[in-house]
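To start, the structure itself, in structure tokens.
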Amino acid sequence: MLVYPSAIDLSSRTLRRLSGLLAGHRRRIGSRWRRLSCGRQALLVLAHLRCGDTYSRLAAGFQVGIATVYRYIRKAVGLLATLAPTLEQAVHTIRGKAYVILDGTLLPIDRVAADRPYYSGKKKHHGMNVQVLADPAGRLLWVSDALPGAVHDLTAARTHGIPAALAADGIKCWADKAYQGAGPAVRVPIRGKHLRGWRRRHNRDHTKIRSLGERAIATLKCWRVLRKLRCSTTRITTVVRAIVTLELTSY
């Protein structure tokens, strides 16, 4: 197999953070020797998450076995996932913001047609539903656990307790029409196709505010592994949490 050098569009700060996390874990378990150093393992994990490189490509590039690549990635992702903020921690951060933006997105997965719970009728393909909270500038603050793609955004938000948590702290939230009826804390546009006067202006201003939430979703999907998830659906939440931890590190 031919091997060539490549690049990862991340800062060295992200690499140092993950490398330090792995080094601390190795000290705690008393690990004396590994095929790759902490820095090289961190680089391997980032190549997988950010660039979507497969296990076989990483094994060839780092000159290790595929099983070793699997273990390295699984361990690092697990460590990162434990550091992802909870909804309560995110709400504490949001208290200092003027408002928050709520939106949902579908992460594509390689499921077959028989897996109906994962099929999104809106997007017309299989995936996992995650809810995203962003600040007024469109920066990522929190991402929910992954639910099957057939789950509606409003149902997903209620399942995770997002409207209730925001209402309890009096936090203003902007969202799209999918969250109609989510509660007093969630502001949605006025429904209707041919609106006039103040209703039309209201929806236009609402869209200007809410559209910045798309930036947080785009930031999340810059991690190419999320563009086509091939792992077990039970592992997707852990992968998403790990990526959120890495993304928040860069702020």
Side-chain angles (χ1 to χ4, degrees), residues 48-50 52-55 70 73-78 80-91 100-134 140-167 173-183 185-186 188-189 191 210 213-214 216-247:
H48 173 68
L49 296 177
R50 188 69 173 186
D53 289 343
T54 62
Y55 291 171
Y70 172 80
I73 292 175
R74 189 179 180 90
K75 176 56 66 177
V77 166
L80 288 168
T82 61
L83 301 178
T86 63
L87 179 58
E88 291 74 18
Q89 292 171 333
V91 168
V100 68
I101 302 171
L102 170 64
D103 203 354
T105 187
L106 191 75
L107 303 178
I109 60 175
D110 60 343
R111 299 291 97 178
V112 298
D115 295 320
R116 297 301 300 174
Y118 301 100
Y119 184 78
S120 170
K122 179 181 178 181
K123 298 295 184 179
K124 306 301 181 185
H125 60 78
H126 295 80
M128 298 293 285
N129 180 303
V130 294
Q131 300 296 299
V132 178
L133 290 178
L140 188 68
L141 293 176
W142 176 81
V143 179
S144 72
D145 294 350
L147 294 176
V151 178
H152 190 272
D153 281 339
L154 177 58
T155 302
R158 287 173 171 168
T159 300
H160 300 305
I162 300 172
L166 297 177
C173 174
W174 265 255
D176 60 24
K177 294 179 182 179
Y179 298 91
Q180 193 83 30
V186 182
V188 297
R191 303 189 70 174
R210 184 190 57 79
E214 298 291 341
I217 293 177
T219 298
L220 190 66
K221 292 190 175 180
C222 281
W223 298 82
R224 294 175 182 83
V225 72
L226 296 182
R227 297 181 186 178
K228 188 68 171 181
L229 287 156
R230 294 176 173 84
C231 61
S232 169
T233 55
T234 60
R235 290 281 302 163
I236 292 177
T237 293
T238 304
V239 173
V240 172
R241 286 179 177 176
I243 289 174
V244 170
T245 299
L246 290 170
E247 192 61 45

Walk me through whether Thr237 and Arg241 qualify under side-chain contact (heavy atoms from CB on, under 4.5 Å). CA-CA 6 Å; Thr237 293; Arg241 286 179 177 176; 3.6 Å; yes

In Å, rounded to the nearest 0.5 Å, how long is the span from CG of Asp145 to OG1 of Thr159? 10.5 Å

Interatomic distance, His152 atom NE2 to Tyr179 atom OH [nearest 0.5 angstrom]: 8.5 Å

Side chain of Lys124, backbone of Gly121: donor and acceptor closer than 3.5 Å? yes

Do any N or O atoms from the side chain of Ser120 and from the backbone of His125 form a donor-acceptor pair under 3.5 angstrom? no

Indicate the atoms forming the closest heavy-atom contact of Pro148 with Pro117, along with that distance. CB-O, 3.0 Å

As a test of understanding, state which of Val225, Val143, Val77, Val132 forms a side chain to side chain contact (heavy atoms under 4.5 Å, CB included) with Val240. Val143

Once you round to the nearest 0.5 Å, how far does CG of Leu106 lie from CG of Asn129? 6.5 Å

Closest non-hydrogen contact found for Val151 with Ala156 is CG1-N, 3.8 Å

Evaluate Thr86 against Gln89 for side-chain contact (heavy atoms from CB on, under 4.5 Å), listing each step before the verdict. CA-CA 5 Å; Thr86 63; Gln89 292 171 333; 3.3 Å; yes

So how far is it from Asp110 CG to Cys231 SG, rounded to the nearest 0.5 Å? 8.5 Å

When you measure from the side chain of Arg227 to the backbone N and O of Lys221, does any donor-acceptor pair fall under 3.5 Å? yes

Tell me the closest heavy-atom pair linking Pro163 and Ala185, and the distance in Å. O-CB, 4.3 Å

Measuring from atom CG of Leu80 to atom CG of Leu246, what distance do you get when rounded to the nearest 0.5 angstrom? 4.5 Å

Is there a side-chain contact (heavy atoms from CB on, under 4.5 Å) between Ile73 and Tyr55? Walk through the geometry before answering. CA-CA 9 Å; Ile73 292 175; Tyr55 291 171; 3.4 Å; yes

Closest non-hydrogen atoms of Thr245 and Ala84, given as atom of the first, atom of the second and distance, are OG1-N, 3.2 Å

Quickly, which of Thr105, Asp153, Asp103 forms a side-chain hydrogen bond (donor to acceptor under 3.5 Å, both in side chains) with Gln131? Name it, please. Asp153

Determine yes or no for a side-chain-to-main-chain donor-acceptor pair under 3.5 angstrom, with His126 supplying the side chain and Tyr119 the backbone. no

Start with the C-alpha distance between Glu247 and Leu220, add both sets of side-chain angles, then the distance that settles side-chain contact (heavy atoms from CB on, under 4.5 Å), and finish with yes or no. CA-CA 8 Å; Glu247 192 61 45; Leu220 190 66; over 6 Å; no

Between Thr238 (side chain only) and Ala81 (backbone N and O only), is there a donor and an acceptor less than 3.5 Å apart? no

Is there a donor-acceptor pair under 3.5 Å between the side chain of Ser144 and the backbone N or O of Val130? no

Measure the spacing between CE of Met128 and CG of Leu107 and express it to the nearest 0.5 Å. 8.0 Å

Which atom names give the shortest non-hydrogen contact between Val91 and Ala165, and what distance separates them? CG2-CB, 4.1 Å

Side chains of Leu226 and Ile236: closer than 4.5 Å at any heavy-atom pair? no

Between His160 and Trp142, how do the two ring planes meet: parallel, tilted or perpendicular, split at 30° and 60°? perpendicular

For Lys122, look at atom NZ and say whether over 12 heavy atoms of other residues, nucleotides or ligands are found less than 6.0 Å away. no

Give the minimum heavy-atom separation between Ile109 and Thr233, together with the two atoms involved. CD1-CG2, 4.1 Å

